[in-house]
Structures are given as C-alpha cells and as structure tokens.
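Scope of the values below: all heavy atoms of this structure, side chains included, with no hydrogens, waters or symmetry mates.
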Amino acid sequence: MTANSIKFQEFDVAADKVAREEMTKKSKQMGVPVTQLEVKDGIISDLKNQKKKVAYAQLAKGKKLEKYLDIKPSPEEYTKFTIIGKPYKRIDSKLKVTGQAKYTGDLRLPGMVFARILRPPSHGATLTTVDVTGAEQVKGTQVVRDGEFIAVLNENHDRADEAIVKIKAEYSFNELKVNDKTVFDRMVGADSAIEVIENKGNLETGHQLSEKIFESEFHDPYVAHAAIETHTALANLEGDKMTVWASAQSPFGLRDEIVSELGFPKEKVRSIAPFIGGGFGGKIAHQQGVEAARLAKLSGKPVMLVWTRDEEFFYDPYHPAGVVRIKSGIDKSGIIQFWDYSVYYSGTRGADTIYNVQNSRITSYDQNSDTVKIHPFNTGAWRAPHNNTNTLARESQIEIMASAAGIDPLEFRLKNLKDEKMIACLKAVADKFGYVPGKIPGGRGIGMSCGTDAGTWVAMMAEVKVDKNTGHVQVVRVACAQDMGMCVNPQGALLQMEGCIMMGLGYTLSEEIQFEGGDIKNRGFDNYEIPRFSWIPKMDCVILDRMNQPPKGGGEPAIIAIGAAVANAIFDATGARLYRMPFTPARVLEALKKA
C-alpha cells in the first residue's frame, strides 16, 4: 500500500486472503469488530485501545502465503498519501559525507593482488613486439599474458605501477585521419544511413508562407563522463564460481559479459555493485570488470583493478560529437511556417520539434554499416543521451528567429506552442525568475530554453555576465521548472535538478575531448576542466504540482536545457551567437568579433 496507515476495511482486496481470514479470527479473539482495527507499519491494532495489537508475522505463522486477487485493487487516492510527495533525505548521505561508505576500491580479500594492464597509446594501435623482462625484475611481480592482453600483478600497488612502465612495447598504427576540428565535416560528408523520423505538411508550402528564412549549423564535441571514481573492479575465483565487485551501473550486463567472454555458466557468476563514485552513463560500460575477472581466472588469485585517470579518459564511452543543421522560416506575425531539422551522428533523443509547426521534417543521419566508421572511438550514454545536443540546437534557432522577428523570446515561444504542459513550465519558470519581457539582444544577459526528457517537461532561464575583454562567461543565476507528474520525493528531485544544472555548466563552458586520430589528448583534470565550486550560480527550482498524474523521470531533464539557456543569455548580453560547444573564452571572443 502507498499509505503507511489504513483502516482494515480499506485493506480489502489489497490484503492477502489468508491474512484477512486470520484477521477475522483475531478480531473475534480480541473482542473487537474488524471495522475498529487499524493497519500501520505491519501492525494491526485496536483504534480504541492501542495495547491490543498483532503483527503480520503472528498472523502468517511462518506459512508461505501466496494468493491471487479475485478483483483488481484500485489505486489509492493521492490525497490520502502519507509518504509519497513528502521530502526525504538519502539514507546513505551520512555514510558518504563521513567517509564510511565502501566503494569497490576500498575492498580487500586475503591474497589479493593489484593489477596494471599494458595499454595501447591510441585507439588505432596494434601491438607488434613486447619485452616484459624489466617488469619481471620488479620484486613480487607476476606477468600474465593471454595473446595481446598483458598485465602485471603485485601485492603492492606501487610496485605494480612500477612494473607496468618497464614493459617495452612497439605498435603499428591504423588511425582514422580525423581530429576534433575536422570530425564535423567528416560527419556531414559521410555516406550515411538516412532516416526521416518526422514528415508533416509540405516544406515548400512553408517556404512560400515565410517572410524570413534562417539556416544554422551547430557543432557538439565529444565529452567525457569524468567521474571522480575511476572504473574499478575486484574479482575472485573460488572453485568454479566467479564473483566480481565493480563500480558498474549495469551489474547484470557485467555478469552476462563475463559469461560470454570467459565461458562461465551464468549461475556460476555473481556481480556485485557497491557504491558508485559517479557514473552518468559512463559506467554502463564495464570493461574493467571483465578484465579483472579474466585476470583472476588466469592467475587464480583475487585481483583488484583500479583504472588510472589516464585509462579512465582513454576508454571512456564519450558523449558522441554531432552536427545539427536547421532551416526554418517565420511569417510577418512571427509564426513558424516550416522547420527542416537534420541531426548527424549524435542521436535523435530530444529532436522533437515540440513547437506547433504545420510543415516540418526531422532527418537522422547515422552510421551506415557498409561504410567506414565515423566515430574513431567508443561513444555511449551521457546524461539524457543526445538530448543536450538537440535542445541546444532547437532552442538556439528559436531565439534566432525571435530576435529577427523583434519579439520577446518568451512571447515568441508561447505564440508558437500548443503544448499546455510546456506552456505551464515556461510561465512557472518566468514567475520564479522574475522575468521581465524584452527584445533580444537587450544587453541584460538573460536566456531561456525548454524541452522534454524521460516524459518530463522542463523550462529554464539563466542570467550571465560576459567579460568582453577575456571572453569569460559567469553564470549568475538559473531558474528551472519541471512538470514530472507525481513527484515521489521532492527533496530527491530538487537535488537532481540542481545537480543537473551544475554538471551541465561543464559541457556548456569547458568540457570537450581533443584528439588526433585515435590519440586522446585529454588524459586528466589538468587539461579537462569540470565545473568548480566558484561556478555555482544562484539556483531556484520549482516542481509543478501534478500529484494526480503518473510519475515521470526526474534524474536528467534539467541538464538538457542549461547549454541552450546559457547560449541564448550570451547572445542577449553581447549580440554574439555561438554555434559550437563548449563556450570557451576563445570561442566567445571569436563570436564577439563576428558580431
């Protein structure tokens, strides 16, 4: 039941039939009518005499109670909820802030050894020759090899680190001729698989009805997950049973991959996920868990594998780079008459038009299995996968049109929306922000954006200050509104919204992977900057009261909107439009020159 306290007559079909029969007996024994009994926290008691009570366990008497209901119970009226909708703190908070929480790297087993694996210098490298003599001379070191898979094991972590660098290896290279600057042209010019995922009305008709036509191209780079805890795993083989503890977001996926890669029966593999020190989609990939299991099988010892920061960046399944091209038009009154949207290699989540456009087309360009690979390394899920890219492009284009029409950007959106949930979110965030309408650019440094993710509607406003001499952007304050249906835990949802805003400032202002072929240039936090405490803006969040509606996702929607809101705020502050993420000082200065 959703409520923690109900009268027995309300218990009705939701209770087990046997329990009800026992309840009736207990009612007779207690000399109390059934309607006078209350169920609370697993205890049945007399409403008029709380000393008269019995626990579920006493009623069950150790029996396995398994019954099918004759009728389907109706959902409880949300106004009667006593837990859902109330704010609760995380039960593991104290463990984490006091350092008591145990992560994979904190675990120890008798006889455990630390592992380091020989890694290639780039994603296009193939091992040709190797000499492990130097590593074998490091005290206590065991070298393990299975084909090109070579590792050193040592009971002392520092000696394992010492041994791995003494291996002499040579490689041949077959890398894609592409880097972080040319990859966008490569995507647009590739022989792609083309899929039209929306085709409504007639684009030519939309052209004819438009007074002004706009064409834009937006570029989004590869972005790392940059979790503070690197990929870590501890594997132990006991007899024919393999147990792996790993910082993995998908423990069942890890188990299945160990079964597939190493040939263990599924019932002989156990995967355990302790606390995870940051995942964000990056630890859906669990290469380290398979590697540790492989080493435990080869060596017969418990093996702890802790990736270095260098390995973490090198093997990260990055947020994919992508290109979005948009061609759109508005009539004299500022109504969007057509919308032609094309997204290249960064996915279609969040590519929905969302605005009321009669003539629209959305086209996806993706990997053609018969042609050359586009991404030179692995890509994967990164916080609301793909939606950050698409929301940036769509909401930037919306404000480009609003500016040309001479219409306030909030008014322009409301003018072109029919989605009542989106309209409500925009009005709620404007109220929270204290928004005053004005044409853009107006020199105030205020921008907005909106979108949907995981069934949740989100709208955001941001205020920025731009140093026109240095190009530095400081986000001063952010307001965010979400319609996420029934909000189960407002405190948890609020923390997610604030966390999304803060993490989103990284992909917005500084984070990108630089590379040449398969060689990753960013291997640490010295040249890959994540958000700092000094970046934290004033944040005001509002969750719309929708307790009478089904609950939707609240973990990631807010992160999709921050990039576009900041881009639009920079434009309002300076008149400079940025088309390439992140908005580094150098790119801001370049845009200022063009403006």
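- Within the 4.5 Å cutoff, the side chain of Thr389 has heavy atoms near those of the His319 side chain.
- Put simply, the side chain of Tyr528 does not reach to within 4.5 Å of the side chain of Arg309, judged on heavy atoms.
- Using a cutoff of 4.0 Å between basic side-chain nitrogens and carboxylate oxygens, Glu463 and Lys538 are not scored as salt-bridged.
- Inter-residue side-chain proximity for Met460 and Ile501 is flagged as met; some heavy-atom pair is nearer than 4.5 Å.
- Side-chain atoms of Gln397 and Phe218, non-hydrogen and from C-beta on, do get closer than 4.5 Å to each other.
- In this structure, the side chains of Val475 and Trp535 stay at 4.5 Å or more apart for every pair of heavy atoms.
- Each of Glu229, Glu291, Glu312 was scored for a side chain to side chain donor-acceptor pair (under 3.5 Å) with Trp307, with one residue passing: Glu291.
- Side-chain contact between Arg394 and Val324: absent, with no pair of heavy atoms (C-beta onward) separated by less than 4.5 Å.
- Ile562 places a side-chain heavy atom less than 4.5 Å from the side chain of Tyr507.
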Steps toward salt bridge (charged side-chain N to carboxylate O under 4.0 Å, His left out) verdict (Glu512, Arg587): CA-CA 13 Å; Glu512 66 178 315; Arg587 291 194 180 116; 3.0 Å; yes
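- For Tyr103, the ring pair (Phe, Tyr, Trp, His ring centres under 6.0 Å) criterion is met by Phe275, not counting sequence neighbours.
- Two residues are said to be in side-chain contact when any heavy atoms from C-beta on lie closer than 4.5 Å; Lys283 and His225 fail this criterion.
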